[in-house]
There are 2 protein chains.
Amino acid sequence: MRVTIKEVATEAQVSIATVSRVINDKGYISSKTRNRVNNAMRKLNYKPNIAARKLHGKQSKTIGIIIPTLNNPLFSELFDDIEKHLNTYEYQTLLCTTNNSLEKEKQCFELLKSNQVEGIITSSHTDFLDNHTFDGYPVVSFDRITSNRIPVVKSDNLNGGRIIAKRILEMNKSYVLILSGTKDGFYKNDERIKGMLSIFRASDISIGKAAISFASPTNRKLALIEQILSGKKYDAICCTDDVTALLVNLVCTDMNYHPLVTGYDGSKSVRTLFPNLITVKQPIDQMAKLMCDILIKRIQYPYFISKDEYSFPATLIN
Amino acid sequence: MRVTIKEVATEAQVSIATVSRVINDKGYISSKTRNRVNNAMRKLNYKPNIAARKLHGKQSKTIGIIIPTLNNPLFSELFDDIEKHLNTYEYQTLLCTTNNSLEKEKQCFELLKSNQVEGIITSSHTDFLDNHTFDGYPVVSFDRITSNRIPVVKSDNLNGGRIIAKRILEMNKSYVLILSGTKDGFYKNDERIKGMLSIFRASDISIGKAAISFASPTNRKLALIEQILSGKKYDAICCTDDVTALLVNLVCTDMNYHPLVTGYDGSKSVRTLFPNLITVKQPIDQMAKLMCDILIKRIQYPYFISKDEYSFPATLIN
DNA sequence: CTGAAAGCGCTAACAC
DNA sequence: GTGTTAGCGCTTTCAG
């Protein structure tokens, strides 16, 4: 068995309450005892049992993270940034992936609650989060619309769409396909698409639309894309995310068909590995930081009222 | 507060012990009471408090995962596969990233222990894991050498290196650079390099060697690579991992310099996004599955003795 | 400033 | 078959 607070107390010749106090830096303790306890902890290599701490319902010092998948650089970077930032608050992280299934998402939520997280950062729908399910947990959402007063940290998708569309016009394209990386028409994609349309409609470009399902395995996606592109009639294809854009590029190369393909998200690894991709960058690191800050603030000051929405600028790459 | 076992007991008109029994499916219970309890749980939407369960030291039903970074498709896929597979055992996962720092790795280990994980899957060094630190926890390691009887699941790096080298010879290259993606010369890279050398040395090819540090930020890596390649004297560059190979390709393109560049790892996303990359594939999914199976077996049967090493074949891509 | 003791939600003897 | 009860390791009143 691991060393417990009791043994530390014995070693330091104090009560467990005192040990607890120095661990949590609460209440007044003479610096003598504090030192004695610290030495004992070091000597015995004591590590608090987080489960026991969680049992009190407070101070679990862990935040739950819900993301669709790590196999998308947007989300793996997001997670990375979130984790790094939470660590500076001495919070740890419990990760759940949903693969965009509503079912799994509910399970994630339950799992996180079962694990007594103090708050949740979600980049999934959360639409279903009625006040019952969500039980007063502090929650912040990444880039998704949510109903009931869950703050959303997003970037300006409407403008992002406009930026891309303008870029397309600059390049004198005349038949563009808007390809959504998700069939279910999430808010964020809608906004991006709305932005694109607002520009395209004011020009004399013709527009096609299509969507592929986010959760499909890659092979399936490639097949779908090939089918969609089989007519080869577009001279530009605007995707609502980078991964879709990269897959489209693959298929096009195979077909020896070379339209202009644009992406969206602009994660670091996509930008370095595909430096020529025209895309829109969301400031992932800043968004991650803000989400953490809001959440921690909300946890520490339960009456802290956040804004409903925080929006970051979206910037054109290439 | 969330609903507890007590309230379920009251609702079902039984004792908490009975409720606990039906939750854990232990001991004999009449099917009547079982039903009553199940109904009560459903009605109240009861979810067990995992922290409380962990407090008993057993059945935390969580496994700790230590990986260097998620910003490498090898590891994000590995994690994904591990998580999926552990879920089938009804285990959850606690993820720690080390960015290959030994310091952070030790912290991860402590963190996981603090969280009462039942076992650990690590893809980091683990060399430092003396029997003290590691405290009898079941541990299995991904592709790294470990000292003391921690089973290692790896793929045949020696042969992988040979395969790549043979491929290079087939293409009549005559001056190759072996570029290690890590400066510290981990075992696995050594083996890969050893394999390459065993083939190259038997031919009349000239060989250069270089290494860049795994933990560097991408920009730094690019700069290092540029420096290494500034002589432009190689007609083939064999990297010990795919990410390094991709970065090399980027730099080469910039320099308008076109040697053959090979990678190693062959994760799914690299294979789909860079279908022409010559690389060696490790069967990540199978390795993940095996690691989970070994670990769970070891947890369930403490006297289960695993082999010291499980090796999977490495296969050439392209 | 420090200690005693109650209790967090749950499991596991041990009774009946 | 089911209930009683003693903890698991820790935090937190409440006394002193």
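Heavy-atom basis, side chains included; hydrogens, waters and symmetry copies ignored. Per chain, numbering begins at 1; letters A, B, ... match sequence-line order. Note that the coordinates shown come from a computational prediction; the quantities given were computed from them, not determined experimentally.
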Table please: side-chain donor-acceptor pairs of residues 285-297 of chain B below 3.5 Å, with sequence neighbours left out.
residue: B:Lys289; atom: NZ; partner: B:Asp293; partner atom: OD2; Å: 3.0
residue: B:Asp293; atom: OD1; partner: B:His85; partner atom: NE2; Å: 3.0
residue: B:Asp293; atom: OD1; partner: B:Tyr89; partner atom: OH; Å: 2.6

Show me the protein contacts with nucleotides 14-16 of chain C, counting only N or O atoms at under 3.5 Å.
none

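- The shortest distance between the side-chain N/O atoms of B:Arg53 and the OP1/OP2 oxygens of C:dT11 is below 4.0 Å.
- Taking the side chain of A:Ser20 as heavy atoms from C-beta on, and the options C:dC1, D:dT12, C:dG9, the nearest nucleotide is D:dT12.
- Distances were taken from every side-chain heavy atom of B:Lys26 (C-beta onward) to each of D:dT4, C:dT11, C:dA12; the shortest belongs to C:dA12.
- Every residue two or more places apart in sequence or in another chain was checked for a side-chain hydrogen bond (donor to acceptor under 3.5 Å, both in side chains) with A:Ser267, and none qualifies.
- Taking the salt bridge (charged side-chain N to carboxylate O under 4.0 Å, His left out) definition, one finds that B:Glu83 meets it with nothing, sequence neighbours left out.
- Rounded to an integer number of Å, the gap from CG of B:Asp25 to C1' of D:dG1 is 14 Å.
- For A:Thr18, counting side-chain heavy atoms from C-beta on, the closest listed nucleotide (C:dC10, C:dT2, C:dA5) is C:dT2.
- Rounded to an integer number of Å, the gap from CD1 of A:Ile16 to C1' of C:dG7 is 12 Å.
- Within the 4.0 angstrom heavy-atom criterion, only backbone atoms of the sugar-phosphate kind lie near B:Val14; the bases stay farther away.
- Every residue two or more places apart in sequence or in another chain that forms a side-chain hydrogen bond (donor to acceptor under 3.5 Å, both in side chains) with A:Ser269 is listed here: A:Glu77.
- Applying the side chain to side chain contact (heavy atoms under 4.5 Å, CB included) test to B:Glu90 and every residue at least two apart in sequence or in another chain returns nothing.
- For A:Gln13, the CD atom sits in a loose shell: 12 or fewer heavy atoms of surrounding residues, nucleotides or ligands are nearer than 6.0 Å.
- Nucleotide D:dT2 holds its C1' atom 10 Å from the CD1 atom of B:Ile29, rounded to whole Å.
- Contacts classified as salt bridge (charged side-chain N to carboxylate O under 4.0 Å, His left out) and involving residues 18-29 of chain A (residues at least two apart or in different chains) are given here: A:Asp25-A:Arg34.
- Looking at residues two or more places apart in sequence or on another chain, you find a side-chain hydrogen bond (donor to acceptor under 3.5 Å, both in side chains) between B:Ser30 and B:Thr33.
- Between C:dG9, D:dT11, D:dG1, one nucleotide has an atom nearer to the side chain of B:Tyr28 than all others, and that is D:dG1.
- Distance, B:Lys54 NZ to D:dC10 P: 14 Å, rounded to whole Å.
- If you measure from atom CD of A:Gln13 to atom P of C:dG3, you get 10 Å, rounded to the nearest angstrom.
- A:Tyr91 and A:Glu118 share a donor-acceptor pair across their side chains, judged by distance under 3.5 Å alone.
- For A:Ser15, the side-chain hydrogen bond (donor to acceptor under 3.5 Å, both in side chains) test picks out A:Thr18, with sequence neighbours left out.
- Distance from the side chain of B:Ser30 is smallest to D:dG1 among D:dG1, D:dG9, C:dA12.
- Checked by atom type, the side-chain pair A:Gln282/A:Ser155 shows a donor-acceptor distance below 3.5 Å.
- Between the CG atom of B:Asn24 and the P atom of C:dT11 there is a distance of 4 Å, given to the nearest Å.
- Listed pair A:Thr4 / D:dG9 fails the phosphate criterion, with no side-chain N or O lying under 4.0 Å from OP1 or OP2.
- When the P atom of D:dG9 is taken as reference, atom CG of A:Leu55 falls 12 Å away, rounded to whole Å.
- Each end of the helix from C:dC1-D:dG16 to C:dC16-D:dG1 gets its own axis from five base pairs, and the two axes differ in direction by 40°, given to 10 degrees.
- Distances from the side chain of B:Thr33 to the nucleotides C:dC10, D:dG1, D:dC10 place D:dG1 closest.
- If you take CG of A:Asn49 and P of D:dG7, they are 18 Å apart, rounded to a whole angstrom.
- Only at 4.0 angstrom or more do the heavy atoms of residues 86-94 of chain A sit from any atom of DNA chain C, so none qualifies.
- Contacts of B:Lys84 classified as side chain to side chain contact (heavy atoms under 4.5 Å, CB included), with partners at least two apart in sequence or in another chain: B:Asp80.
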